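Structure first, commentary second.
Chain A is the first sequence line, chain B the second, and so forth, proteins listed ahead of strands; every chain is numbered from 1. Keep in mind that this is a model prediction, so the values were computed, not measured.
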Protein chains: 2
Amino acid sequence: MKNQGADILKGSSLSVTSSRKAILDIFLGSDNALAHQDIENIAKQYDRVTIYRTLQTFLEKGIIHSIPTTDNIIKYALCSDMCITTGHHHDNHVHFLCDDCGKTVCLDEVSIPNVNLPKGFVKKEINMVVNGICNSCQK
Amino acid sequence: MKNQGADILKGSSLSVTSSRKAILDIFLGSDNALAHQDIENIAKQYDRVTIYRTLQTFLEKGIIHSIPTTDNIIKYALCSDMCITTGHHHDNHVHFLCDDCGKTVCLDEVSIPNVNLPKGFVKKEINMVVNGICNSCQK
DNA sequence: AGTATTTTGCAACAAAGTTGCAAATCCAAT
DNA sequence: ATTGGATTTGCAACTTTGTTGCAAAATACT
């Protein structure tokens, strides 16, 4: 557990740098998806540009995935272990955006149902984002 | 049909101005969803700020809806007649984003399937965006 | 440890979005 | 149709977000 971040980086054949470890640790320690801005606020010691490039790299390597949300802020979350180890994305889960606290979470246990598209449309990827009130804000 | 734009504006108790009519006409004449930038390119005679404000107003009045897409560009499309007349949103259709031509279209005939959320989560709105190849780019 | 490669931070820039305010436009009531 | 009040527009200035090139620093390889 000690060097989980470094292990993930090595596993994706990325060089292990302090900024990458720090950003990865932020994701590992967060229970919700994070926007670029969130990372910037927490990892103040690193340059804006470095954070942009790191997130980009993580996306390409499949370490994180991006979530298109209705509040027009791209959020990122760690991919499940399976994603990282196989290199294939199985982001087949629903995302939830709380209208109250604004947090975006992966509902890993809720998989996206299938849909039938009209003739001529070929499906490659599906994103499903549900807005509402999350379990913490609920009362 | 002549003053469809003006009628929609009056129906939403908005004053009828040339920019609003022009932007509404662009939507009425388009078969796919449009980004702010698209509008700006077509309606060159109007100020950027006016377009931002007009889109904002249309959103608030429920004349258009926004579609969160994976390409990180918010796109807007007209709401169905039912949306506008009832004032309630029934954007219960799937959106399709073509990876080839980049167009985003409403699949009005494909409704979003239901999902069961974990205990404590209350669903208010669902967005479903499918990426792939559209019927025009296929072949 | 020494060298080649990769990554970082800085500066400068480009694009996207916001705000305040005066001038122009629209609407409603004479 | 004209006038007066409210709304909308365009401009300017600004903030935020994202990008690019390059030299210095850190990392990896042997």
Give a yes or no on whether A/V110 and A/I112 share a hydrophobic cluster (residues Ile, Leu, Val, Met, Phe, Trp, Tyr; joining criterion: side-chain heavy atoms under 4.5 Å apart).
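Yes; tracing contacts between hydrophobic side chains, which count when under 4.5 Å, links both residues.
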Using the rule that Ile, Leu, Val, Met, Phe, Trp and Tyr join whenever any side-chain heavy atoms are under 4.5 Å apart, tell me whether B/L34 and B/L97 fall into a single cluster.
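Shared cluster, no.
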Given atom [atom1] of [X] and atom [atom2] of [N], what is their separation to the nearest angstrom?
| X | N | atom1 | atom2 | result |
| --- | --- | --- | --- | --- |
| B/L59 | C/dG17 | CG | P | 12 Å |
| B/Q56 | C/dG17 | CD | P | 11 Å |
| B/I51 | D/dC11 | CD1 | P | 12 Å |
| B/I73 | D/dT17 | CD1 | P | 17 Å |
| A/L9 | C/dT8 | CG | C1' | 15 Å |
| A/I74 | D/dT17 | CD1 | C1' | 11 Å |
| A/K44 | C/dG9 | NZ | C1' | 18 Å |
| B/H36 | C/dA15 | NE2 | P | 13 Å |

Does anything in [range] form a ring-ring contact (aromatic ring centres under 6.0 Å, His included)? List the pairs, not counting sequence neighbours.
| range | answer |
| --- | --- |
| residues 39-61 of chain A | A/H36-A/Y52 |
| residues 96-135 of chain A | A/F96-B/F121, A/F121-B/F96 |
| residues 5-31 of chain A | none |

Below 3.5 Å between N/O atoms, which protein atoms pair up with nucleotides 19-30 of chain C? Just atom names and distances, please.
unit_1 : atom_1 : unit_2 : atom_2 : d
C/dC27 : OP1    : B/V16  : N      : 2.6

Hey, what bend do you get for the helix from C/dA1-D/dT30 to C/dT30-D/dA1 if you fit axes on five pairs at each end, rounded to 10°?
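For the helix from C/dA1-D/dT30 to C/dT30-D/dA1, the axes at either end differ by 40°.
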Listing time: all N or O pairs from protein to nucleotides 14-16 of chain D that are below 3.5 Å?
none

Could you name each residue pair satisfying side-chain hydrogen bond (donor to acceptor under 3.5 Å, both in side chains) that touches residues 97-106 of chain B, not counting sequence neighbours?
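For residues 97-106 of chain B, and leaving out neighbouring residues, the side-chain hydrogen bond (donor to acceptor under 3.5 Å, both in side chains) pairs sorted by first residue read B/K75-B/T104, B/D99-B/N131.
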Of all pairs that satisfy side-chain hydrogen bond (donor to acceptor under 3.5 Å, both in side chains), the ones with a partner from residues 110-120 of chain A, not counting sequence neighbours
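Those involving residues 110-120 of chain A are A/N114-A/K123.
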With sequence neighbours left out, what residues match [X] under side-chain hydrogen bond (donor to acceptor under 3.5 Å, both in side chains)?
| X | answer |
| --- | --- |
| B/S15 | B/R20 |
| A/N41 | A/Q37 |
| A/T69 | A/D71 |
| A/K10 | none |

